[in-house]
Amino acid sequence: MPFKPHLTVVFLVLAASCCFADDDHEMEEFLKREFSLTKPYQAVGSFGSSHWELMGDAMVTTEQVRLTADMQSRQGAVWSRIPCHLTDWEMQVHFKVHGHGKKNLNGDGMAVWYTKERMQKGPVFGNMDNFTGLGVFVDTYPNEEKHLEAQKKRYTTRTQRIFPFVLAMVGNGSISYDHERDGRPTELGGCNAMVRNLKHDTFLFIRYIRRRLTVMIDIDGQHEWRDCLDIPGVRLPKGFYFGATAITGDLSDNHDVISLKLYQLTVLRSKREEEEEEEEEEITVPSVDNMELLRRGDVDPGMSSIGLFFTVLFSLLGCIFLLVIGLVVYSHWNESRRKRFY
C-alpha cells in the first residue's frame, strides 16, 4: 500500500510525456542563423556582406526592414542569398502592418516565401506570378468584395471574409494567382487576421514537417498561437529560397519585417519511416496530394445555411398546402359521389 502514491506519480509522468510527444515523435529545434534575419541587421543589403539581399523600395532601419513605406505604388523585398536544404523546418515571422488608411482603404499586403525563384519583381504581393514553391500571404485589401460592389452584387453569407486575411498557396510554375478573387481558386486555406495598426507585436508561424504544412498566427497580444491552416500531403523540394515581399497600389501601408527566424526541426523517425523516405523519389516539383484543395475556389459556393433553411421551410409549406387542397377536392368529389346514390 505505501508504494501506491509513488506508482501514481510514475504513471502521471509517463502519461504526460506521451501527451507532449509530437505524434509519438520526439522533436528538437535549432535556430539556423544563416537563414534568419534579426536585429541589428548588420550589412543587410550589402553585396557579399550579408546572407540577405534587399530589392526595390525596401530599406533597413534600426528597428525593422521596411518592405514598403506608406506610399502609393511601392514594392520591396528581402531575400535570402543561401538556398535551404533542410527537410523539416519552422519559420517564425515578427512583422507589422500599419498606416494612415482606414479599414478597407489600405493595401495591398505582404507575403513570406519559400520558392525556387528569388529577386523577381511582380504583381503577387511584390513577387512574380507563376512562382514555384510556397507563398503565405497577409492580404489586407478585399479585391473580390470591391469588384462585386462595383457590379452591385454582394457576398453570400458563406463566402464573405473579413480582411486582413492570411492564406497559403503552393505553385508549380504554371499556376497563376487570381487577384480579382483574392487567391481563392488556388488557396490551401486561411483565416482572418486583424493585424493593422496594433500596438502589440504580431507574429506569423509557418511549419513544414513530414510533408505537413501548418500556419498559425499570434496577433492578440496574448503570446498564444492561433490555428490558421493545417494541410497534410504538401510536397516541397529542398534547395529553395526564403524571402519576404510587399506591395502597395493606389492604397498603401507600411509593411515591416522585424525578424525572420528559421529553425531546423529534428524529428526522430522510426526505421520503417526512414526506409520509406529513402525509397521515395526526390521531390523536384512542389505539389499537394489532394489537388482538389487547389481548385476549391472554383467550386460553386452553394447555398447559405439560412437560404437552405427557408428553402426547406417553404418546400414543406408548399407540400402541406397541396395536401390540404387535395383533401378538400377529394372531400367534395366524395360528397358529390355519395349524393348520386340518393
Side-chain angles (χ1 to χ4, degrees), residues 97 103-115 122-196 204 206 213-217 219 226-236 245-251 253 255 286-308:
V97 179
K103 182 179 179 181
N104 291 348
L105 288 175
N106 53 273
D108 286 334
M110 61 180 293
V112 180
W113 303 93
Y114 175 71
T115 55
V124 186
F125 300 96
N127 191 24
M128 62 179 289
D129 200 1
N130 298 310
F131 59 88
T132 307
L134 169 69
V136 179
F137 312 137
V138 182
D139 191 350
T140 58
Y141 185 76
N143 290 284
E144 185 175 21
E145 180 180 344
K146 299 302 180 183
H147 182 67
L148 291 175
E149 285 180 359
Q151 296 179 329
K152 297 184 179 180
K153 298 179 181 179
R154 300 186 67 180
Y155 272 125
T156 64
T157 305
R158 180 176 175 180
T159 58
Q160 188 171 13
R161 284 180 173 172
I162 299 174
F163 280 76
F165 195 84
V166 174
L167 65 149
M169 172 182 170
V170 170
N172 59 12
S174 63
I175 301 175
S176 181
Y177 176 82
D178 190 339
H179 285 275
E180 290 190 358
R181 299 192 60 193
D182 298 311
R184 288 182 187 237
T186 53
E187 72 174 31
L188 296 177
C191 62
N192 66 292
M194 308 304 289
V195 297
R196 291 192 69 249
L204 182 66
I206 306 168
L213 176 67
T214 303
V215 176
M216 295 188 287
I217 55 176
I219 62 173
R226 174 160 64 88
D227 294 337
C228 188
L229 65 92
D230 186 20
I231 305 295
V234 177
R235 300 173 183 269
L236 299 176
T245 66
I247 191 171
T248 65
D250 294 333
L251 302 173
D253 254 336
H255 297 99
S287 64
V288 180
D289 288 350
N290 187 359
M291 292 301 293
E292 292 181 359
L293 288 171
L294 293 177
R295 305 188 186 98
R296 186 173 61 180
D298 293 332
V299 178
D300 182 11
M303 192 179 301
S304 67
S305 57
I306 296 177
L308 181 62

If you measure from [atom1] on [X] to [atom2] on [Y], what distance do you get to the nearest 0.5 Å?
{"X": "I175", "Y": "N130", "atom1": "CD1", "atom2": "CG", "value": "9.0 Å"}
{"X": "I219", "Y": "M194", "atom1": "CD1", "atom2": "CE", "value": "8.0 Å"}
{"X": "N127", "Y": "Y177", "atom1": "CG", "atom2": "OH", "value": "12.5 Å"}
{"X": "D139", "Y": "D182", "atom1": "CG", "atom2": "CG", "value": "5.0 Å"}
{"X": "Y141", "Y": "I247", "atom1": "OH", "atom2": "CD1", "value": "14.0 Å"}

Sub-4.5 Å side-chain heavy-atom contact between [X] and [Y]:
{"X": "I217", "Y": "R226", "answer": "yes"}
{"X": "L229", "Y": "C191", "answer": "no"}
{"X": "V138", "Y": "V166", "answer": "yes"}
{"X": "V97", "Y": "P164", "answer": "no"}

Exercise. Would you check, one step at a time, whether the test side chain to side chain contact (heavy atoms under 4.5 Å, CB included) holds for L213 with I206?
Key: CA-CA 7 Å; L213 176 67; I206 306 168; 4.0 Å; yes

I'd like to know if the side chain of [X] reaches the main chain of [Y], judged simply by a donor and an acceptor atom lying under 3.5 Å from each other, with no hydrogens or angles considered.
{"X": "D253", "Y": "H255", "value": "no"}
{"X": "T140", "Y": "D108", "value": "yes"}
{"X": "D129", "Y": "S176", "value": "no"}

Quiz item: So which heavy atom on G133 is nearest to which on P286, and how close?
Solution: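 Result for this residue pair: N-CG, 3.6 Å.
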
Quiz prompt | Among H179, R161, R184, the one residue meeting side chain to side chain donor-acceptor pair (under 3.5 Å) with E144 | solution =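 Answer to the side chain to side chain donor-acceptor pair (under 3.5 Å) test with E144 among H179, R161, R184: R184.
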
Quiz item: Considering the options N290, V215, T214, L188, which one meets the side-chain contact (heavy atoms from CB on, under 4.5 Å) requirement together with I231?
Solution: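 Of the listed residues N290, V215, T214, L188, the side-chain contact (heavy atoms from CB on, under 4.5 Å) partner of I231 is L188.
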
Quiz prompt | Result of checking F165, F163, W113 against F137 for ring-ring contact (aromatic ring centres under 6.0 Å, His included) | solution =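 Between F137 and the candidates, ring-ring contact (aromatic ring centres under 6.0 Å, His included) is satisfied uniquely by W113.
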
